[in-house]
Colleague: 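Dropping the structure in here first, questions after.
A, B, ... follow the sequence lines: proteins, then strands. Residue 1 opens every chain. Source: prediction; values computed, not measured.
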2 protein chains.
Amino acid sequence: MPLSTRTKSKAARPANLTDQIYERLKQEIFDFRLLPGDRFTESEVAWRMCASRTPVREALTRLRRDGFVEVLFRSGWKVKPFDFGQLGQFYDVRIVLELAAVERLCAMEQPPDLTDLKEQWLVPASGRETDGPAVCALDEQFHHRLVEATGNAEMARIHHEVSERIRVVRRLDFTKSRRIEATYNEHAQILRAVLRRRRDDARPLLRAHIEASKSEVMKITVHMLEEARR
Amino acid sequence: MPLSTRTKSKAARPANLTDQIYERLKQEIFDFRLLPGDRFTESEVAWRMCASRTPVREALTRLRRDGFVEVLFRSGWKVKPFDFGQLGQFYDVRIVLELAAVERLCAMEQPPDLTDLKEQWLVPASGRETDGPAVCALDEQFHHRLVEATGNAEMARIHHEVSERIRVVRRLDFTKSRRIEATYNEHAQILRAVLRRRRDDARPLLRAHIEASKSEVMKITVHMLEEARR
DNA sequence: CGGCAACGTCTTGCATACAAGTTGCCGATG
DNA sequence: CATCGGCAACTTGTATGCAAGACGTTGCCG
């Protein structure tokens with residue numbers, strides 16, 4: 001896919017080339033088309049993306065700051081390998097942020113509108129999504145929405161960044177139907193507690209929910225790595 | 001200061017040009033040599049930094065992601081103006097993170113070594129720093145150290161980023177000796193409570209301490225802006 | 001005198017050229 | 001056969017060239 005064949009859409013400025021490449025690369029990491037530990041060069045990515053090295057470099061620089069890749073001095077780039085300690089720390093940050101969010105939500109004089117969450121999670125079993133990746137995305141949305149609903153955009157932004165960092169392994173939590181079921185039940189419980197403004201009910205439930213997800217993910221990831229090693 | 005006169009230090013690779021420029025620009029923002037709202041171009045910065053536009057662009061891109069500057073399409077860059085709502089949100093994030101940190105510190109079976117903090121803040125009035133900017137830096141260190149001591153590096157990193165965002169206005173809290181005194185007293189109180197692992201003492205103290213700083217800073221900033229407007 | 005349109009300058013976004021340094025292969029040698 | 005040295009190909013870091021668009025200015029027309 002040489003550079004010259006790139007079709008330049010003229011309708012509506014197609015955002016930055018840098019942004020596009022940034023998003024595409026990030027998606028490739030999320031989709032495991034780029035695996036942790038994989039090495040690659042700027043020229044190679046530039047060729048694949050039909051662009052020059054300049055926007056590729058800018059995109060990679062951003063991905064590095066986000067913690068997804070690292071650069072080896074004059075020796076290429078590589079996708080950052082898993083770091084269990086770090087993943088655990090991200091989960092703990094999530095717990096801190098989300099517990100604080102729930103605390104706020106329960107204390108707010110004028111609780112925000114959470115109709116969207118009600119319609120998504122307080123439904124009979126027949127209305128539930130069963131596709132793993134789909135539930136995974138919904139789960140991320142649920143938790144993000146809780147933080148967002150407090151009205152603190154910066155906290156929501158930070159929560160989003162943290163969520164992206166654990167997204168690669170998070171999906172592993174939704175490969176068993178048992179876990180999907182548990183997710184629905186627990187979200188419903190948590191949401192009901194928040195709507196009734198029962199801080200002391202909601203917080204332990206939420207903490208247990210995230211901790212369960214964390215330990216499940218850790219377990220599966222270790223298992224996967226062991227299997228890959230064989 | 002034309003580009004050609006740049007002296008290339010050959011002893012020990014002088015890190016990246018990009019990193020240097022990034023740090024210098026950030027420092028200029030912190031030092032008010034670049035004021036909120038100031039506009040500038042890449043070429044201008046490149047000339048001042050004795051470099052080409054390339055590393056300048058990379059540095060600016062990073063600063064934009066950090067939230068310090070913004071780019072106007074084909075029309076230059078500018079230092080992001082104050083946003084009181086956002087500043088308040090950053091203070092709230094600090095409260096969330098630091099309260100969680102203190103909670104953890106009080107709950108840890110093997111409390112970490114906080115000798116450095118003791119030596120800095122549990123001292124008689126005679127051993128206290130009185131220089132405003134110096135106390136400001138020490139204050140930031142104190143709060144950061146609390147989070148760092150929990151052992152969660154990611155939480156510490158996030159806390160650091162948040163601290164940098166409020167650093168420009170934070171110093172305003174240390175222009176009155178009354179506030180410096182209060183800082184010493186409150187830090188001492190908080191630290192003693194943490195060392196005695198009195199979670200329920202430490203948390204309200206810390207929250208009040210940060211809230212006081214927040215409201216003081218907001219007050220002074222509004223006052224300054226009003227004065228500048230005249 | 002006011003409004004407007006065309007033009008020139010300046011800006012960023014992207015591509016390309018060049019410099020400095022790393023890696024790995026390949027051959028020579030003990 | 002193992003090891004060491006050197007060279008060549010690559011890779012990132014930096015500088016520069018080029019294009020498209022934004023903004024101000026200026027001159028013309030109503």
Side-chain angles (χ1 to χ4, degrees), chain A residues 1-25 34 37-80, chain B residues 1-25 34 37-80:
Chain A
M1 201 189 300
L3 198 154
S4 58
T5 64
R6 173 155 53 96
T7 63
K8 296 192 183 182
S9 144
K10 63 192 72 171
R13 189 182 307 142
N16 272 352
L17 205 42
T18 299
D19 294 342
Q20 290 179 41
I21 296 172
Y22 170 78
E23 294 298 340
R24 282 181 64 181
L25 281 175
L34 278 177
D38 272 4
R39 291 182 62 166
F40 56 91
T41 70
E42 295 173 3
S43 317
E44 172 201 324
V45 175
W47 185 81
R48 285 202 296 123
M49 301 281 171
C50 301
S52 79
R53 275 182 55 220
T54 307
V56 170
R57 263 184 78 78
E58 291 193 17
L60 284 174
T61 301
R62 284 169 62 178
L63 286 169
R64 181 177 57 165
R65 254 190 104 54
D66 290 343
F68 291 112
V69 302
E70 59 188 320
V71 59
L72 295 72
F73 185 65
R74 263 160 237 249
S75 172
W77 294 72
K78 92 173 177 190
V79 183
K80 270 217 176 170
Chain B
M1 201 191 298
L3 197 153
S4 59
T5 62
R6 174 155 52 97
T7 61
K8 297 192 182 184
S9 143
K10 63 191 73 173
R13 189 182 310 141
N16 270 354
L17 206 42
T18 298
D19 293 341
Q20 291 178 41
I21 295 172
Y22 170 78
E23 294 297 339
R24 282 181 63 182
L25 281 175
L34 278 176
D38 272 4
R39 292 182 61 167
F40 55 90
T41 70
E42 295 174 3
S43 316
E44 172 201 326
V45 176
W47 184 83
R48 285 203 296 121
M49 302 282 171
C50 301
S52 79
R53 274 182 54 220
T54 306
V56 170
R57 263 183 77 78
E58 289 195 18
L60 285 174
T61 301
R62 285 168 62 178
L63 286 169
R64 180 177 57 165
R65 250 190 103 54
D66 291 344
F68 292 111
V69 302
E70 59 186 320
V71 58
L72 294 73
F73 184 64
R74 259 158 240 239
S75 170
W77 294 71
K78 95 173 176 188
V79 183
K80 271 219 175 170

Colleague: Looking only at side-chain N and O atoms, does A/R57 come under 4.0 Å of OP1 or OP2 in D/dG13?
Modeller: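 Answer yes for this pair, as a side-chain N or O of A/R57 is under 4.0 Å from OP1 or OP2.
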Colleague: With respect to the side chain of A/P55, which nucleotide from D/dA22, D/dG13, C/dC14 is positioned closest?
Modeller: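 Comparing D/dA22, D/dG13, C/dC14 against the side chain of A/P55, the answer is C/dC14.
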Colleague: Figure out the CZ/P separation between A/R53 and D/dT16, and round it to whole Å.
Modeller: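 From A/R53 CZ to D/dT16 P: 16 Å.
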Colleague: Please check: side-chain N/O of A/R65 versus main-chain N/O of B/D66, any donor-acceptor pairing under 3.5 Å?
Modeller: no
Colleague: Applying the Watson-Crick and G-U wobble criteria at under 3.5 Å, what pairs with D/dG30? Answer none if nothing qualifies.
Modeller: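 Pair assignment: D/dG30 / C/dC1.
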Colleague: Evaluate the criterion side chain to side chain contact (heavy atoms under 4.5 Å, CB included) for residue pair A/T61 and B/T61; output intermediate values, then yes/no.
Modeller: CA-CA 9 Å; A/T61 301; B/T61 301; over 6 Å; no
Colleague: Of all heavy-atom pairs between A/W77 and A/E42, which one has the smallest distance, and what is that distance?
Modeller: NE1-OE2, 3.1 Å
Colleague: When you get a sec, tell me which of D/dA15, C/dC14, D/dG13 is the closest nucleotide to the side chain of B/A51?
Modeller: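 Looking only at heavy atoms from C-beta outward on B/A51, the closest nucleotide is D/dA15.
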Colleague: Among B/I21, B/N16, B/T18, exactly one meets side chain to side chain contact (heavy atoms under 4.5 Å, CB included) together with B/E58. Which residue is that?
Modeller: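 Running side chain to side chain contact (heavy atoms under 4.5 Å, CB included) over B/I21, B/N16, B/T18 with B/E58 returns exactly one hit, B/T18.
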Colleague: Can you tell me the distance, in whole Å, between the CD1 atom of B/I21 and the C1' atom of D/dA15?
Modeller: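 The distance from CD1 of B/I21 to C1' of D/dA15 comes to 12 Å, rounded to the nearest Å.
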Colleague: Base of D/dA20, side chain of B/R74 - is there a donor-acceptor contact under 3.5 Å?
Modeller: yes
Colleague: Which whole-number value in Å describes the distance from B/L60 CG to C/dT12 C1'?
Modeller: 11 Å
Colleague: Whole angstroms only, please: what is the CG-C1' distance between B/L72 and C/dG13?
Modeller: 15 Å
Colleague: Given atom CZ of B/R39 and atom C1' of C/dT11, what is their separation to the nearest angstrom?
Modeller: 10 Å
Colleague: Please report, rounded to the nearest Å, how far the P atom of D/dG13 is from the CZ atom of A/F73.
Modeller: 7 Å
Colleague: Give a yes/no on whether any side-chain N or O of A/S75 is located under 4.0 angstrom from OP1 or OP2 of C/dT22.
Modeller: no
Colleague: Decide yes or no on side chain to side chain contact (heavy atoms under 4.5 Å, CB included) for B/V71 and B/L60, but give the supporting numbers first.
Modeller: CA-CA 9 Å; B/V71 58; B/L60 285 174; over 6 Å; no
Colleague: To the nearest Å, give me how far apart CZ (B/R64) and C1' (C/dG13) are.
Modeller: 11 Å
Colleague: So which one's nearest nucleotide on DNA chain D is more toward 5', A/T54 or A/V71?
Modeller: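 Taking each residue's closest nucleotide, the earlier one in sequence belongs to A/V71.
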Colleague: A/L17 CG to D/dC18 P: how many Å, rounded?
Modeller: 20 Å
